[in-house]
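Please read the structure below before turning to the comments.
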2 protein chains.
Amino acid sequence: MNKKLTTIPLSSPKSEVVCNLCELFGLCRVAGLNSGDDARLERIVSRRLQIKRGRMLFAAGEKFKYVYAVKSGAFKSYLLMENGCEQIVDFHFPGELIGLEGMALGHYAYAASVLESGSVCRMRITELPLSDTELMQFWQRQAEALSRRVHHCQSAFLLIGSKSVERSLAIFLLNLSERFVERGLPGYRFRLPMGREDIANYLGVANETVSRVLTRMQEQGLIAVSGRNIQLRVPVRLRELACCIET
Amino acid sequence: MNKKLTTIPLSSPKSEVVCNLCELFGLCRVAGLNSGDDARLERIVSRRLQIKRGRMLFAAGEKFKYVYAVKSGAFKSYLLMENGCEQIVDFHFPGELIGLEGMALGHYAYAASVLESGSVCRMRITELPLSDTELMQFWQRQAEALSRRVHHCQSAFLLIGSKSVERSLAIFLLNLSERFVERGLPGYRFRLPMGREDIANYLGVANETVSRVLTRMQEQGLIAVSGRNIQLRVPVRLRELACCIET
DNA sequence: AATTGAATTTGACTTAGATCAAGGCGAATC
DNA sequence: GATTCGCCTTGATCTAAGTCAAATTCAATT
């Protein structure tokens with residue numbers, strides 16, 4: 001029944017983001033790129049570290065060391081509760097930063113681990129030998145990145161707070177799509193980097209429900225799913241769903 | 001049946017936070033307080049503007065002008081969707097900042113309005129005449145405040161993502177309590193600055209449900225409610241509820 | 001290619017919470 | 001003090017989503 005959907009996983013070398021589409025780029029520039037001092041940059045930024053799926057980048061509360069930028073692959077950040085169960089707070093795709101909040105606070109606010117093997121750049125910020133002017137620029141960029149992050153995080157309220165799972169899922173898929181497009185990846189046909197369980201956890205619903213809603217959406221012709229491969233067939237209708245506009 | 005609970009509203013003059021418990025204080029210091037240059041500070045910070053309930057501080061997308069710090073009263077920030085309905089993303093109490101994200105972005109990321117009349121300080125940051133060193137400190141403080149904000153925002157995931165409304169509400173109440181205590185206000189007996197509707201909106205449930213769960217909690221002796229006045233009678237049990245520990 | 005184990009789908013059943021609709025209470029206004 | 005309006009509570013009913021369990025598919029490994 002399902003015609004096989006084949007989409008390229010995010011960890012494919014093809015989909016590695018170029019530096020100027022990476023959120024870290026602004027910081028890299030301050031740290032050496034714009035002065036043309038490549039040697040200095042190299043000392044600070046370790047580029048393209050390969051990381052295997054399942055590995056942990058850092059734990060919640062751990063002393064801050066690096067800011068990570070995703071080059072390829074996919075990552076999640078999450079909070080662990082006293083009772084052992086985890087709450088995913090965000091997913092991270094190529095071009096996006098992980099652990100940023102740790103810098104100003106001195107420790108990581110959440111744990112982060114790898115969903116789909118890939119590569120990261122990481123920046124050892126603490127030992128930056130910078131001038132006051134550079135530092136000023138640096139913290140300003142930092143503030144910008146953090147502001148975007150707050151905004152993103154608040155938008156997630158719409159997603160979780162929404163009445164129907166159908167709606168949450170529509171918003172979720174469109175959001176993934178947008179983020180992929182922003183970094184130059186295909187937006188209407190991609191591979192979900194996370195399992196149903198993780199989607200369910202993030203949206204605050206049961207994984208069976210995610211399954212059911214996905215198949216329902218497929219029956220309605222909105223999307224095509226085959227395992228983790230997904231295609232948004234009628235993005236317009238999805239967008240309507242996301243905004244609760246009646247048909 | 002209900003013995004009258006009387007609690008002081010947040011807008012009471014008694015509960016106005018002192019400067020050194022205010023999140024803006026770090027920024028104020030950079031902007032003049034630490035140099036002892038009071039005149040300069042006065043030019044930048046307008047102190048204690050009275051604001052009436054229902055008024056709007058700013059709209060979403062509006063050009064950034066001020067960072068606000070709550071002195072007394074209560075505020076909410078929210079996103080408006082295409083279909084007209086709003087999603088509250090945060091409440092703001094004495095000592096807390098509003099609109100911070102706008103600075104780096106150039107425009108406000110959400111709308112903010114007044115729940116309970118009170119007063120604010122506001123800071124006209126854009127025209128700060130500061131040295132590079134001061135600016136560096138300034139943006140660094142900014143980054144710290146924003147990092148805390150991201151953290152706070154992500155913690156809210158636990159609140160909304162949680163299975164039962166009972167749990168969400170427990171977390172919500174404890175969170176309010178903590179925030180009040182941090183600013184030197186009583187933590188176990190306070191007045192809810194927002195209506196049931198707003199709580200429900202924030203938690204992503206129906207207002208009737210908030211009502212029901214509150215009365216249920218009262219029946220169990222966990223809390224005492226009378227209108228907007230509330231008393232946390234067995235904080236320990238509430239905390240257990242919040243962490244899903246079985247009794 | 002066969003085996004194993006995990007992830008996903010599907011089904012049957014149960015339940016928490018939404019919705020609709022009255023009724024009660026309290027604070028502001030006259 | 002009576003009146004009004006908006007907020008809050010309570011009840012009855014309904015439905016979306018949770019839970020438990022079995023079946024199926026997928027992917028990793030030998």
Report summary line: Among C/dT9, C/dT19, D/dG18, the one nearest any side-chain atom of A/Thr209 is D/dG18
Report summary line: Atom CG of B/Asn201 and atom P of C/dA18 are separated, to the nearest Å, by 12 Å
Query raised in the report: Quick one: does B/Arg212 reach the base of D/dG11 with a side-chain donor-acceptor pair under 3.5 Å?
Result: yes
Requested in this report: Considering just the side-chain nitrogens and oxygens of B/Arg228, establish if one lies under 4.0 Å of OP1 or OP2 belonging to C/dG26.
Outcome: no
Query raised in the report: Rounding to a whole Å, what distance do you find between A/Glu208:CD and C/dT8:C1'?
Result: 10 Å
Report summary line: In whole angstroms, the gap separating C1' of D/dT9 from CG of B/Leu214 amounts to 11 Å
Query raised in the report: Looking at A/Phe157 versus B/Tyr202, is the centre-to-centre ring distance below 6.0 Å?
Result: yes
Requested in this report: Could you tell me the separation between the OG atom of B/Ser177 and the CD atom of B/Glu182, rounded to the nearest 0.5 Å?
Outcome: 10.0 Å
Query raised in the report: When the distance from NZ of A/Lys52 to C1' of D/dA28 is rounded to whole Å, what number comes out?
Result: 14 Å
Report summary line: To the nearest angstrom, the CD-P distance between B/Glu197 and D/dT9 comes to 12 Å
Query - Residue A/Ser211, side-chain atoms from C-beta onward, closest of C/dA21, C/dT8, C/dG17 - result: C/dT8
Report task. Looking only at side-chain atoms of B/Ala206, point me to the closest of C/dT19, D/dA17, C/dT9. Result -> C/dT19
Query - Ring centres under 6.0 angstrom apart (A/Tyr78, A/Tyr110) - result: no
Requested in this report: Could you tell me whether B/Glu96 and B/Lys71 make a salt bridge, using a distance below 4.0 angstrom between a side-chain N and a carboxylate O?
Outcome: no
Query raised in the report: Atom CZ of B/Arg191 and atom C1' of D/dC7: how far apart are they, to the nearest Å?
Result: 12 Å
Report summary line: So CD of A/Glu23 and CG of A/Leu100: to nearest 0.5 Å the spacing works out to 8.0 Å
Requested in this report: Please state how far atom CE in B/Met194 lies from atom C1' in D/dC7, giving the value in whole angstrom units.
Outcome: 15 Å
Report task. Measure the distance from CZ on A/Arg196 to P on D/dT24 and round it to the nearest whole Å. Result -> 19 Å
Query raised in the report: Taking the nucleotide of DNA chain C with the closest heavy atom to each, which residue, A/Asn207 or A/Lys163, is nearer the 5' end?
Result: A/Asn207
